[in-house]
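Note sheet for the following structure.
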Amino acid sequence: MSTAKKDYKRITVKSLVEMKANQEKISMLTAYDYTMAKIVDSAGVDVILVGDSASNVMAGHETTLPITLDQMIYHASSVIRAVERALVVVDLPFGSYQSDPKEALRSAIRIMKESGGHAVKLEGGKEIKESIKRILHAGIPVMGHLGLTPQSIYKFGTYTVRAKEEAEAQKLKEDALLLEKIGCFAIVLEKVPAKLAKEVADSLTIPVIGIGAGNGVDGQVLVTHDMVGMTHEFHPRFLRRYLDLYTEMTNAFQQYVTDVKAIDFPNEQEQY
Ligand code: KIV
């Protein structure tokens, strides 16, 4: 098996499966707007997720439930305009696919047609099997999402680690196999024990991308605003902060206020 890193000009769903076969880990980050997507894509991140976490990060909601299909399309179309290399996956928001497969297909088609996204992501396993099949039959690639599925937060009652008990772990393994069998090209596994996540990844040929799922999976995803430290009240164990932009930006804004008040900005060179 080759472990050489291939230089992908454009990432497709096929590239991701190939990366897993070549034991190359997959990098994935979120973006919800043009400017952030441009930076994330230029940095060489393989997959950009237009996550429904936009509901929390961009709109300040407590959960992902309120974001609408129209709002997801707006975010995704802004991201698409920036991206040259990454695969862009767009979350189907809560309420846009759970009632029946026809509604799920209509929502997925709207995302693909109106935003130009490359694939959709849905939360759940067996319960939404028919919806996923319907979307796949229309030629739309689907990424699954198992483990902690934030759209079901009111069922779980807490954002704690999932599948610690045998029964839930067993269902998760069955769901993962089912998602691969029906044709999903990848699965996000959120907040589950690392040992279980590795077992799932090892049992599949499609990539498993983890968040809070250890390093035995095929790739990692983080919410960009968390990993650059723009959000600062969220401290889960799995989050590595690469920057402290909250502090950096606060310092810059405070300096700006000082400069404006002191008539130090603009100076001679900064005016016409
Ligand atoms: O919406 C999102 O950002 C996600 C990631 C946490 C995987 O689904």
Side-chain angles (χ1 to χ4, degrees), residues 16 25-33 36-37 40 45-69 71-76 78-79 86-98 107-108 111 115 117-125 128 132 141-153 156 158-163 172 176 179 184-192 197 200-201 206-214 217-228 230-231 234-241:
L16 299 184
K25 298 285 183 187
I26 296 162
S27 58
M28 172 159 146
L29 283 174
T30 58
Y32 320 110
D33 67 274
M36 187 69 90
V40 173
V45 171
D46 300 312
V47 184
I48 295 184
L49 173 66
V50 185
D52 58 359
S53 51
S55 178
N56 314 95
V57 177
M58 302 306 282
H61 292 297
E62 222 175 276
T63 72
T64 57
L65 276 65
I67 200 160
T68 65
L69 187 57
Q71 288 165 340
M72 288 304 298
I73 289 168
Y74 166 76
H75 287 299
S78 308
V79 166
L87 181 83
V88 178
V89 180
V90 186
D91 268 341
L92 280 186
F94 176 70
S96 72
Y97 63 96
Q98 286 90 348
S107 301
I111 296 243
S115 79
H118 307 142
V120 295
K121 175 163 82 60
L122 285 73
E123 295 182 4
I128 55 160
I132 293 178
V142 175
M143 176 181 270
H145 185 155
L146 299 172
L148 176 65
T149 46
Q151 292 178 12
S152 304
I153 187 58
F156 298 143
T158 153
Y159 285 101
T160 182
V161 180
R162 302 305 314 173
L172 190 146
L179 292 182
C184 289
F185 71 91
I187 298 174
V188 163
L189 214 45
E190 180 165 353
K191 244 182 158 180
V192 299
V200 172
I206 58 168
V208 173
I209 301 180
I211 174 164
V217 289
D218 308 302
Q220 298 294 329
V221 55
L222 285 175
V223 169
T224 299
H225 288 68
D226 295 336
M227 67 86 80
V228 297
M230 281 175 95
T231 51
F234 182 56
H235 302 283
R237 190 209 289 215
F238 66 77
L239 174 61
R240 184 179 294 180
R241 285 197 198 282

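The first residue of the sequence shown is numbered 1, and numbering continues consecutively from there. First listed ligand is number 1; within each ligand, the first listed atom is number 1.
- Taking the side-chain hydrogen bond (donor to acceptor under 3.5 Å, both in side chains) definition, one finds that H75 meets it with nothing, sequence neighbours left out.
- Under the side chain to side chain contact (heavy atoms under 4.5 Å, CB included) rule, L189 has a single partner from L172, I209, I211, which is L172.
- Within the 3.5 Å criterion, the main-chain N or O of I128 finds no donor-acceptor partner in the side chain of Q98.
- The only option from V188, I187, L122, L49 that meets the side chain to side chain contact (heavy atoms under 4.5 Å, CB included) definition with H145 turns out to be V188.
- In this structure S115 satisfies the side-chain hydrogen bond (donor to acceptor under 3.5 Å, both in side chains) test with no other residue, sequence neighbours excluded.
- The side chain to side chain donor-acceptor pair (under 3.5 Å) pairs that include a residue from residues 58-69 are T68-Q71, where partners are two or more places apart or lie in different chains.
- Contact shell of ligand 1 (protein heavy atoms, cutoff 4.0 Å): T30, L49, G51, D52, S53, D91, K121, H145, V188, E190, I211, V223.
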